[in-house]
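Presented below is the structure to which this report refers.
Just so you know, ligand 1 is whichever comes first in the structure, and atom 1 is the first atom listed for that ligand.
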Amino acid sequence: MCGIFGIITNQDISVGKIVFEGIRRLEYRGYDSCGIVSLTDSQLIVKKDSGKIDDIQKRIDLSDFPLSSKIALAHTRWATHGPPTKENSHPHLDCTSKIAVVHNGIIDNFIELREELSSNGHVFKSDTDTEVIPHLIEEFMKQNNNDLKGSLREALKKIKGSYALAACYAEDPESIIVARKESPLVIGIEEGKTTYCASDIPAFLPLTRSCYIMNDNEIAVLKSGEVEFFDRKTGQFIEKELQLIEWSIDAAEKGGYDHFMLKEIYEDPMALMRTMKISQRELSLLAHMLWSADNIYITAAGTSFYASLAGKFIITKFLGKYIHAIECSEFKNQLENSLKDNAIIIALSQSGETIDTIEAIRWAKKKKNIKIITVTNVVGSSLTRYSDKVIVTQAGPEIGVAATKTYVTQVLTLALIALEIAKLRRIETPEEIEKYYNALKSTPQIIEKFLNENVELINEIVKTLEKSVNFFFLARGISIATAKEGGLKLKEVACRFIEGYSAAHAKHGPISLVREGFPIIFVAPPDETYQRLIGNVMEFKSRGGKIISLVAEDDTKIANLSDMVIRIPQPSDKYHNIFSPITFTPALQLLAYYASISSNLDPDKPLNLSKTVTVH
Ligand code: M6R
């Protein structure tokens with residue numbers, strides 16, 4: 001939920017400026033406050049405040065530290081324990097102000113630890129759970145000959161919860177100690193010169209492409225241009241493989257776009273093309289697993305959940321088995337007494353760090369004989385550690401808080417599995433399957449054409465809706481997933497209230513809200529639900545609703561009933577219709593983006609949100 005970044009170097013470079021830029025690249029993880037600590041001449045210098053990094057920078061120069069500093073740690077916070085104030089900002093120090101810690105995660109037993117430490121004379125300055133860590137380390141330093149690594153290991157034995165943390169000690173200018181459990185942490189290295197630690201690879205990508213991914217319960221000692229890994233519990237040395245990151249730096253930066261969200265919408269086609277290349281062998285393995293399972297569940301949160309709703313629909317069409325789609329936070333509540341054996345859970349998560357998704361599968365695995373298939377965008381993320389099979393979508397790093405390109409790649413991945421199932425079961429002829437494949441392969445071109453030709457139209461629609469605060473997004477069948485996802489985007493980035501709903505069900509209550517000019521967006525691909533949807537459009541139109549329809553290129557019927565029409569340049573055939581969540585959703589992503597801009601909001605940093613939700 002927060003971002004951490006650290007550097008240790010033997011080079012004549014400004015560590016202040018480097019960590020400042022590094023932590024800025026992690027601001028998508030939280031932007032309630034920011035802080036940096038650097039070690040100079042056996043002293044820790046701390047600069048921190050509440051607010052977004054650029055706003056703080058206008059008040060104090062966060063990057064200005066003496067050039068003799070060779071160590072710095074930085075943190076960007078998404079508030080959980082205590083309000084977003086300067087006092088609650090990281091880094092946090094111990095009583096002697098010699099130990100500094102930045103932390104992402106939650107210390108579940110911090111109240112007990114705080115009471116214990118307070119009764120031993122420790123004085124706390126913040127409301128945070130994190131502050132117990134430097135004080136606990138301080139306790140153990142006395143017994144461990146001021147050895148930071150040993151003391152941190154002792155401290156972590158007492159801590160219950162999750163953490164990615166980095167610590168430094170004023171008397172040790174030669175090392176930073178980091179540790180990981182259930183929160184992401186990666187190490188970047190320029191051999192012999194500089195070592196970095198960060199919550200996410202893009203933070204150090206402009207500086208190095210060589211990295212190590214830390215696993216749960218590992219500790220690492222970072223020295224200038226060197227790193228050593230140890231098992232937290234046994235203290236044993238761990239050999240680790242250096243990985244070369246091939247993402248372009250460009251992919252991790254904004255490129256020429258005003259916002260990450262816009263850049264990432266325009267990356268939908270490329271992300272799909274890369275994801276199309278997922279190995280056939282892997283897909284076929286998953287198809288076999290699903291085919292032999294007695295029960296299948298699919299679980300996720302937010303956008304990933306809406307991708308699950310679309311994917312469930314596509315897989316069911318070819319698999320012929322019901323798939324239970326359950327929001328991850330409700331998974332245990334709903335299945336406590338009915339979870340079935342010989343089951344498979346498909347868990348979807350862009351980040352692979354959503355705690356409710358992780359908890360759902362961990363709970364299920366403990367309870368029954370269950371296999372987990374994870375679809376994620378992040379290699380080595382926590383979710384992958386609890387999974388039997390992992391498929392990595394190839395969207396590349398997604399920085400905008402609103403998920404966009406990762407949604408289309410998630411649906412594509414599930415669609416690719418569905419087509420493998422169709423092959424396995426031989427329920428379609430090879431020629432038919434080929435046609436479905438060709439339709440899937442054409443999705444990047446369809447989206448690219450749409451994005452290139454419709455910006456003006458989308459802005460025109462945004463303008464006519466400028467004053468509207470309430471919307472319905474309605475659809476039938478598979479498009480309910482598109483309506484919900486499109487509605488969520490507008491909600492998140494443009495601060496409007498949206499009900500993403502079944503068009504048929506909407507007349508059992510929601511329709512009573514409709515007055516003259518009430519905006520209703522109908523998602524209307526020409527599939528088997530189309531004829532009935534016409535009736536729903538008429539019901540809302542006759543009550544004064546302003547109808548905006550999202551239709552296929554050659555549509556006439558619903559288009560003629562609409563006040564405004566968005567046309568997706570795709571053929572009207574069954575092969576394309578089943579994949580409409582992929583081709584129709586980018587139009588709604590673009591609508592949300594421009595609605596956010598026209599409301600003077602920052603689409604990359606929606607209010608109260610964080611890219612990765614690691615609290616329950
Ligand atoms: O990383 P995940 O896919 O597990 O995240 C799930 C949701 O938190 C996420 O999709 C959220 O709803 C986004 N802000 C949607 O744009």
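- A search for ring-ring contact (aromatic ring centres under 6.0 Å, His included) contacts involving F471 returns nothing, not counting sequence neighbours.
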_Residues N215, K240; criterion side-chain contact (heavy atoms from CB on, under 4.5 Å); working and verdict_ = CA-CA 10 Å; N215 291 322; K240 231 179 226 301; 3.6 Å; yes
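- Atoms OG and CD1, on S329 and I355 in that order, are 12.5 Å from each other to the nearest 0.5 Å.
- For the atom pair CZ (R77) and CG (N88), the distance works out to 5.0 Å, reported to the nearest 0.5 Å.
- Take F579 and apply the ring-ring contact (aromatic ring centres under 6.0 Å, His included) test, not counting sequence neighbours, and it matches no residue.
- Protein residues having a heavy atom under 4.0 Å from any atom of ligand 1 are A301, G302, T303, S304, S349, Q350, S351, T354, V401, A402, A403, K489, E492, listed by chain and number.
- Remark: A592 engages M261, K489, L490, V493 in a side-chain contact (heavy atoms from CB on, under 4.5 Å) (not counting sequence neighbours).
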